[in-house]
Structures are given as structure tokens and as C-alpha cells.
Amino acid sequence: MDRGEKGLQEVKFKVFRYDPDKKDGKGFQTYTVPVSKGMTVLQGLMYIKEKLDQTLSMRFSCRMATCGSCGMTINGLPRLACYTLIQELKTRTIVVEPLRNFPVIKDLATDFEEFFSKHRSVNPYLIRIDTHEQEKSNVSYTQSDEEVEKYLQFAYCIKCGLCYAACPVVATDKQFLGPQALAQLYRYLADSRDEGGEERLRPLSDGHSLLRCHFAASCSQVCPKGVDPALAIQLLRRELFLRG
Amino acid sequence: MKEKTVMLLHYITGLGIIVAGGIHLATVFLLSPYHLSMEFDNNPFAVLSVYRNILLAGTLEVLLVLVAFHGFNGLRVVLQELYQGKTYTKAVNIIVSVVAVALVVYGTRTILIAHQLGQG
Ligand code: SF4
Ligand code: FES
């Protein structure tokens with residue numbers, strides 16, 4: 001990193017720019033950003049937006065790896081910009097691009113419509129046979145520690161889409177549900193309070209939704225919340241073969 | 001056949017290839033007349049005597065079926081990932097199945113002929 005004015009270190013941000021309204025609106029633009037200790041990539045981008053170029057578009061909200069909206073490709077890997085320290089990248093130039101496998105709306109902002117529709121398609125909520133009891137009853141559904149343990153890690157998903165961006169199968173097969181939706185499907189299937197059972201598994205027996213996974217496991221590598229979607233997919237596959 | 005069943009068979013045949021391949025190699029290395037046949041270098045038909053061994057010819061046949069299923073199903077999956085569409089999927093399924101069956105038939109015929117010649 002170079003020393004800029006005020007003794008701050010400087011890094012170059014090479015940012016992907018795309019403007020759908022302009023003809024040649026695609027390309028990279030480089031900005032020089034002063035860096036302080038503990039600064040995140042998101043803070044660097046916010047510096048650019050505030051001080052250098054207000055036309056830069058990106059999505060963010062919580063700035064604490066909770067809302068899942070600041071996913072982007074940073075130095076070739078899908079990461080949360082607010083959870084990636086500039087120092088940990090150890091490069092003078094940081095290349096920032098939109099998430100792969102998502103259509104780009106503008107610059108770094110991507111369209112999550114397909115991703116969320118796949119998420120919705122797995123019915124990500126508790127299914128009970130007696131819906132009346134579920135809505136009206138004041139009885140709570142208790143669970144043992146072991147029962148919670150079966151799905152807990154998958155419940156930590158923040159729907160950031162990093163796993164979806166890293167998945168090579170999503171890149172080629174649009175009908176593949178993707179690691180996030182499949183992990184959520186397993187999360188509810190493994191929940192002892194859920195009565196969806198075989199109904200949840202039925203849509204998976206076509207060739208594309210689940211069975212196309214090639215065990216690349218890149219989804220689990222990039223998840224910022226420690227969720228292991230690759231494991232969920234293998235567990236789902238076992239469930240499908242045993243009782244689907 | 002249901003896609004789920006095809007993929008289950010894909011995994012089973014994958015494991016089967018390891019087992020049958022192991023038995024086949026063990027047969028080749030441990031049982032005569034394979035190593036003897038290599039010594040008959042003046043006789044081009046000597047290697048056929050290998051096929052006299054029913055275990056060797058049998059595992060070769062099993063391997064042929066397993067590899068054909070596993071390999072062609074793998075190819076089918078790759079092709080289906082390249083492009084998705086109802087007619088295309090159907091065409092890929094049919095073409096790949098026909099080629100796989102033809103290959104198994106032709107291979108079986110070859111093994112049978114070799115087995116018979118090996119007896120002679
Ligand atoms: S599984 Fe992990 S990477 Fe995938 S959407 Fe959820 S939190 Fe993000
Ligand atoms: S801004 Fe919310 S996860 Fe990064």
C-alpha cells in the first residue's frame with residue numbers, strides 16, 4: 001500500500017461500472033482511496049461514492065454482516081463488502097465486481113429476483129397439518145437440544161447470495177435451485193416441528209433442482225455465516241433416495 | 001426411468017466400477033493364462049486365451065455395462081447442463097441411450113467372440 005496525504009495508506013479500487021442506459025456503459029474505473037486500520041471494502045466504496053464519484057451504485061444496509069445485501073465479487077471471490085477488511089486482502093489494487101450468476105442492474109447492484117423466487121419455491125416456513133392449531137393455538141412447539149442441533153447452522157443463513165454466486169452449477173443450469181434454497185429446504189425438513197415431509201422432497205426428484213449438484217462445495221467455502229450448504233445438499237440427496 | 005432412479009444407479013455403477021475393476025485387475029494379474037499369454041509373442045491370437053477365463057471375461061462384461069451406463073449418463077448430464085429445453089432434453093436422452101446400448105451390444109459381441117476363440 002502507498003502512503004498518500006495525511007500519512008494514510010492508499011489502495012486502488014478497480015470497480016466494475018455498468019450503466020444500462022449508456023451504449024458503451026460497461027468497463028472498469030479506478031479510484032484511489034486512503035485507507036485506515038480496520039477499514040472495510042464497503043467503507044472504501046462509500047468513500048468513493050461520497051468523495052469521488054456519486055454515480056457509483058451498490059447495495060448495502062446493516063454494515064455488520066447481518067442483512068446480506070452487500071455481496072459482491074472482491075478480488076475474484078464472492079464476499080460481503082462490509083465483512084472484508086482491506087488489509088486482509090493484502091493487495092495494492094482491489095478489484096470489485098458484481099456477484100456472478102446474478103443479472104447486473106447497475107454497477108455493483110445485482111438483481112436478486114430469481115434467487116428469492118427459488119428461495120420462496122421451497123416453502124421456507126414450518127408446514128403443519130393442522131394449520132388452524134398453528135395459527136390460533138397458544139401451545140408452543142418444544143424441541144430438545146438435539147432436535148435444534150439438526151437444523152441450527154442452516155438457520156443462520158442471511159440470504160446474501162454468495163453461495164449462489166460461487167456455484168458452478170447455477171452458472172450453467174438455471175433450473176438448479178442453488179445452494180441457498182436447498183439448504184433452506186433441508187433446514188425445514190430437518191426441523192422436528194415441521195410436517196412437510198415427503199411433500200417437500202417431491203419437487204426435487206426431477207433432474208435439475210437438486211440432483212445436478214456436482215459436489216464442488218464452493219458454496220460452503222464462501223459462506224460468511226458458517227453455513228454448510230454442500231452438506232445440506234448431500235443430506236437432502238440421502239433423504240430423497242431413502243424416502244422421496 | 002425416473003431421474004432420481006437414474007442418478008441413484010449412477011452412484012451405484014460408480015462404486016461398481018471400482019469393485020468390478022478391482023476384481024478384473026486382480027484376475028488379470030493373479031490368474032493365468034494372462035501372464036503366460038504375454039510370453040506367446042509370436043502368436044497374435046495368444047492374448048485371446050485370456051478370455052477363456054470366465055471370471056475375466058465375465059468381469060469385463062460387467063465393467064462394460066457399468067462403464068457404459070456411468071459414462072454415458074455423465075455425458076447426458078453434461079449435455080443437459082449446457083442447454084435446457086424439453087425437446088433438447090428428450091433428444092439427448094434418446095440419442096445417448098441408443099449409443100450406450102449399441103456400444104454394450106457391440107462390446108458383448110466382441111467379448112463373446114473372443115471367449116469362443118480363446119477356447120480353441
Ligand atoms: S448459505 Fe451462506 S452464503 Fe448462502 S445465502 Fe446463506 S448466508 Fe449467504
Ligand atoms: S451491509 Fe449488511 S451484510 Fe453487509
Side-chain angles (χ1 to χ4, degrees), chain A residues 100-101 103 114-115 117-118 121-122 163-179 181-182 185-186 189 196-219 230-244, chain B residues 1-25 62-105 107:
Chain A
R100 294 184 184 128
N101 296 342
E114 181 186 272
F115 173 81
S117 82
K118 285 180 178 175
S121 77
V122 303
C163 54
Y164 196 80
C167 177
V169 183
V170 171
T172 52
D173 190 339
K174 288 291 159 210
Q175 291 172 46
F176 179 58
L177 282 178
L182 289 170
L185 201 163
Y186 183 75
L189 187 76
E198 278 86 57
E199 280 304 309
R200 287 196 181 276
L201 293 169
R202 196 154 300 148
L204 300 181
S205 50
D206 70 13
H208 297 273
S209 313
L210 164 74
L211 295 167
R212 248 354 44 116
C213 168
H214 295 316
F215 311 99
S218 43
C219 48
L231 172 67
I233 292 174
Q234 302 327 316
L235 293 170
L236 261 185
R237 209 188 286 253
R238 185 181 68 182
E239 290 298 321
L240 180 69
F241 288 141
L242 291 178
R243 62 184 178 123
Chain B
M1 210 188 289
K2 265 192 191 167
E3 188 68 30
K4 188 179 94 172
T5 321
V6 174
M7 289 315 287
L8 185 60
L9 284 174
H10 186 76
Y11 307 136
I12 294 173
T13 49
L15 288 173
I17 289 169
I18 297 172
V19 176
I23 296 174
H24 181 74
L25 287 178
V62 172
L63 262 180
L64 173 69
V65 175
L66 295 180
V67 170
F69 185 93
H70 194 82
F72 277 98
N73 188 51
L75 180 68
R76 186 186 67 93
V77 168
V78 170
L79 290 173
Q80 288 194 1
E81 273 184 27
L82 285 180
Y83 178 77
Q84 290 93 45
K86 261 193 173 159
T87 327
Y88 172 80
T89 305
K90 220 174 181 179
V92 164
N93 284 348
I94 293 171
I95 294 170
V96 169
S97 310
V98 169
V99 176
V101 170
L103 191 92
V104 170
V105 170

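Chain A is the first sequence line, chain B the second, and so forth, proteins listed ahead of strands; every chain is numbered from 1. Just so you know, these numbers use all the heavy atoms, side chains as well, and skip hydrogens, waters and symmetry mates.
- The interface of residues 94-102 of chain B with chain A, defined by heavy-atom distances below 4.5 Å, is empty.
- A pairwise comparison of heavy atoms in B:Lys4 and A:Leu211 identifies CA-CD1, 3.8 Å as the closest pair.
- Contact annotation for residues 79-86 of chain B against chain A (heavy-atom separation below 4.5 Å, listed by residue number): B:Gln80, B:Glu81, B:Gln84.
- For residues 168-177 of chain A, heavy-atom neighbours of chain B at less than 4.5 Å comprise A:Val169, A:Thr172, A:Asp173, A:Lys174, A:Gln175, sorted by residue number.
- The stretch residues 6-18 of chain B places B:Met7, B:Leu8, B:Tyr11 near chain A, each with some heavy atom under 4.5 Å from a heavy atom of that chain.
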